[in-house]
Amino acid sequence: MMNRKLLFSAVVTATLGLVSVSCQRSDSGEYQFTEQTENSEIENNDQNFAVDDSADTTNAVTDTTAVDSEDIVDHIVNDENEDHSHDHSETADMGVNDDILALGCVKASNSQENQVRLGLNKKEKFLAKCASETSNSSWCAQLIRPNPSSYNTFKCTYGSSQTHVLIHPDEATWKYPITAVKVIKDLQAKGLKVSQIYNWWRPEPYNKNVGGAAGRHPYGTSVDVRFASTSTATKAFSELCKMRKAGRIRAIGHYGSASLHIGVGDKLANTWGKYCN
C-alpha cells in the first residue's frame with residue numbers, strides 16, 4: 001500500500017505539478033479546501049485558449065499532440081487489456097480516489113449544486129429524447145452517469161446525499177451526447193468493442209477535482225469512451241479521424257490507454273495524443 005501511494009504521488013507530481021492545499025470560503029460561508037499547482041500558468045493558458053469567446057475558433061481545425069485536456073487522473077485506471085464493460089456500479093472505487101481526497105477537493109457552492117439538481121430534474125426528459133433519437137440505445141443511460149472510478153471525488157464535491165447523475169440543464173447541449181451515441185453505434189458496427197461511456201457533462205468544481213481542463217466537458221460538448229483495449233481504441237481513433245474530416249465531430253483525444261475523447265461540439269477543433277493521418 002505504501003509503495004502504491006508513493007507511486008501515485010510521483011504520477012500526480014509529474015502530471016499535475018506540486019500540489020498545495022489552501023482554504024477558501026464558499027458562497028454558503030463555509031470554508032473549502034482547494035488545490036493549487038505550480039503548473040497553474042500552463043493550466044490557465046490552456047483554459048483561456050480553449051474558452052476565449054473573443055477568439056474565432058469556430059472554423060479552427062488543428063492537429064496537435066500537445067497536452068490539451070487529457071484529464072490524466074480521470075483515466076489512470078484504464079489498463080490496456082482490462083474489460084470494463086460490466087463495471088457499472090455507482091460505488092466502484094478504483095484507482096486513485098482516496099489519494100486525491102487526501103490532497104483536498106473543491107466543494108461545490110450552493111449555486112453549483114442547484115445547477116446539478118436542475119439537470120437531475122430533467123432526467124426522464126433527456127433519456128426519452130436520447131432513446132427516441134438513437135433507437136432506444138442502452139448507451140443513453142451511461143451518458144448521465146459520471147465516471148464510476150471517480151465516485152469518491154463526486155461525493156467529496158457534492159456530498160453523500162447527491163444522486164450520482166449529471167445532466168446538463170441547458171437542453172441545447174443535449175444534441176452533443178446524443179450524436180456521440182450515434183457515433184459509438186457506428187464504431188460498434190465496424191466491430192470495435194465499446195465498454196463504457198463516461199464524462200459527458202462534468203461541471204466545475206467536479207471537473208477540476210478530477211484534473212480536467214476547463215474548455216470541454218464543463219460545456220457538455222463531448223464524451224469520453226472506454227474501449228475493450230488500447231489497440232481497439234487506436235483503431236477507433238482512425239475511424240473517428242474519418243468522421244472528423246467529414247465534419248461529423250470536431251475534436252479527438254487519445255489518452256494513451258483504452259479511452260478516447262470524442263468532442264462532438266468542442267469549440268476548439270483539434271486532436272491530441274495522436275495525429276490524424
Inset, instruction - Over all heavy atoms of both residues, which pair between Ala131 and Cys140 is shortest? Give the atoms and the distance, please. - result: N-SG, 3.8 Å

Inset, instruction - With rounding to the nearest 0.5 Å, note down the distance linking OH in Tyr198 to CG in Leu143. - result: 13.5 Å

Legend entry - Asn270 (side chain) donor-acceptor with Ala251 (main chain) under 3.5 angstrom: no

Legend entry - Separation between OG of Ser238 and NZ of Lys190, rounded to the nearest 0.5 Å: 11.5 Å

Inset, instruction - On the 0 to 90° scale, with breaks at 30° and 60°, tag the Phe154-His164 ring pair as parallel, tilted or perpendicular. - result: perpendicular

Legend entry - Heavy-atom donor-acceptor pair, Ser150 side chain to Thr153 backbone, under 3.5 Å: no

Inset, instruction - Sequence neighbours left out, what pairs pass disulfide (SG to SG under 2.5 Å) with at least one residue falling in residues 179-239? - result: none

Inset, instruction - Would you please name every residue forming a side chain to side chain contact (heavy atoms under 4.5 Å, CB included) with Arg117, sequence neighbours left out? - result: Glu113, Asn114, Gln162

Inset, instruction - Heavy atoms only: give me the nearest Leu192-Ala236 pair and the separation to one decimal. - result: CD1-CA, 3.7 Å

Legend entry - Heavy-atom neighbours of Lys185 NZ exceed 12 at 6.0 Å: yes

Inset, instruction - Mark yes or no for whether Asn207, through its side chain, and Ala213, through its backbone, hold a donor-acceptor pair below 3.5 Å. - result: yes

Inset, instruction - Give a yes or no on whether the backbone of Gln112 and the side-chain of Gln115 come within a donor-acceptor separation of less than 3.5 Å. - result: no

Legend entry - Atom pair CH2 (Trp201) and OG (Ser222), whose distance is rounded to the nearest 0.5 Å: 13.5 Å

Inset, instruction - Check Val116 against Val165 and note the closest heavy-atom contact, atom names and distance. - result: CG1-O, 4.2 Å

Legend entry - Heavy-atom pair with the smallest gap, counting every atom of His254 and Ala233: NE2-C, 4.3 Å

Inset, instruction - Could you list all the side chain to side chain donor-acceptor pair (under 3.5 Å) pairs where at least one residue sits in residues 170-179, not counting sequence neighbours? - result: Lys122-Glu171, Lys125-Glu171

Legend entry - N-O pairing of Asp266 and Arg250 below 4.0 Å: no

Inset, instruction - Write down the atom of Thr230, the atom of Ser257, and the distance for their closest heavy-atom approach. - result: OG1-C, 3.3 Å

Legend entry - Distance in Å, Thr134 OG1 paired with Lys182 NZ, rounded so as to fall on 0.5 Å steps: 8.0 Å

Inset, instruction - Kindly write out the residues that satisfy side chain to side chain contact (heavy atoms under 4.5 Å, CB included) with Ala180, not counting sequence neighbours, or none if the list is empty. - result: Val223, Val264

Inset, instruction - Output every pair passing disulfide (SG to SG under 2.5 Å) with a member in residues 167-227, not counting sequence neighbours, ordered by first then second residue. - result: none

Legend entry - Interatomic spacing from CD1 in Ile144 to NZ in Lys123 - rounded to 0.5 Å: 5.0 Å

Inset, instruction - Report the relative orientation of the aromatic rings in His261 and Trp272; use parallel for angles under 30°, tilted for 30 to 60°, perpendicular for over 60°. - result: tilted

Legend entry - Minimal non-hydrogen separation, Lys274 against Thr271, with atom names: O-OG1, 3.3 Å

Legend entry - Inter-residue atom distance Arg226.CZ - Ser259.OG, 0.5 Å rounding: 4.5 Å

Inset, instruction - Mind telling me whether Trp200 and Phe126 have parallel, tilted or perpendicular rings, with 30° and 60° as the class edges? - result: parallel

Legend entry - Under 3.5 Å side-chain donor-acceptor pair for Ser229 and Thr232: yes

Inset, instruction - Please collect all disulfide (SG to SG under 2.5 Å) contacts where either partner lies in residues 218-261, sequence neighbours excluded, each pair once. - result: Cys241-Cys276

Legend entry - Distance-only side-chain donor-acceptor flag, Trp139 / Gln196, under 3.5 Å: no

Legend entry - Any donor-acceptor pair under 3.5 Å from Glu204 side chain to Lys208 backbone: yes

Legend entry - Arg248 and Asp186 ion-paired at < 4.0 Å: yes

Inset, instruction - Verify, without hydrogens or angle tests, whether Thr234 (side chain) and Phe237 (backbone) share a donor-acceptor contact under 3.5 angstrom. - result: no

Inset, instruction - Output yes when a side-chain donor or acceptor of Arg145 lies under 3.5 Å from a complementary backbone atom of Ile197, and no otherwise. - result: yes

